[in-house]
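Notes to accompany the following structure.
One-based numbering along the sequence shown.
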Amino acid sequence: MTIPSITNTQTAGVQNSISNILENSSTIANKLASGEAVIFPYEDPAGLAIGTKLEINLGVQKEALKSAHQASVVLNIAYGGTKGVVNILKRLDQLSIMALTGSASDSDRKLINLEAQQLKAEVNRISTATEFNSRKLINGQTSESVTFNAANEMKLKIDNDDKSGIFDAQENK
């Protein structure tokens, strides 16, 4: 059945609006079926809400990944410093065994002592030079408390007293 042509300008406007709506709904249906992005919020409000929530979650995950990467960097720096100290301690152990055996002469012991003093100085240098963002990592001072920001306004606090742990913004565990 065909729609007869009506000359009334009001009905022509309505017909034009209906054809525009049908064309737009066809375009929206094609976009949704093909997976194209929704351009206007009124095209798919539920999808927009889900997409917005996913974007927020993605942002939180990216920040958590950044924090984990920074923690990894800090641990690698501290590990490098402690590995150097461990190697020096192994050498000091070897030197002490050499000095205690009867095979070393007095001049040998003086040289062993000189090397041991230099190694001790190197341990002190490593402990004061190993730092991240001007914070000493392995200098042996643990009186300072450290707080790291975590996701969702949570904080990780490391302290000497028994108040270490994960806290919210108001310091509640």
How close do [X] and [Y] get, counting heavy atoms only, and between which atoms?
X      : Y      : value
Val123 : Val85  : CG1-CG1, 4.2 Å
Leu137 : Val74  : CD1-O, 3.8 Å
Ala104 : Met98  : CB-O, 3.6 Å
Ser127 : Ile138 : CB-O, 3.5 Å

### Message
Given Arg91, which partner from the list Leu95, Leu89, Asn87 fulfils the side-chain contact (heavy atoms from CB on, under 4.5 Å) test?
### Response
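Passing option: Leu95.
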
The side-chain contact (heavy atoms from CB on, under 4.5 Å) partner of Ile88 among Lys83, Lys120, Gln118, Glu122 is Glu122

Quiz item: When you look at Val73 and His69, which way does the side-chain contact (heavy atoms from CB on, under 4.5 Å) test go after all the steps?
Solution: CA-CA 6 Å; Val73 169; His69 177 69; 3.9 Å; yes

At what distance, to the nearest 0.5 angstrom, does [atom1] of [X] lie from [atom2] of [Y]?
X      : Y      : atom1 : atom2 : value
Gln117 : Leu114 : CD    : CG    : 8.0 Å
Thr101 : Ile97  : OG1   : CD1   : 9.0 Å
Arg109 : Leu111 : CZ    : CG    : 12.0 Å
Asn113 : Ser96  : CG    : OG    : 12.0 Å
Leu54  : Gln61  : CG    : CD    : 11.0 Å
Ile126 : Asn139 : CD1   : CG    : 13.5 Å

**Message:** Please check if the number of heavy atoms outside Phe132 that lie under 6.0 Å from its CZ is greater than 12.
**Reply:** yes

Review point. So, are Asp93 and Lys90 salt-bridged, with charged N and O less than 4.0 Å apart?
Key: no

Please answer whether the main-chain N or O of Ala68 pairs with a side-chain N or O of Ser72 as donor and acceptor at a distance below 3.5 Å. no

| Counting only N and O atoms by type, is there a donor-acceptor contact under 3.5 Å from the side chain of Lys136 to the main-chain atoms of Glu131? | no

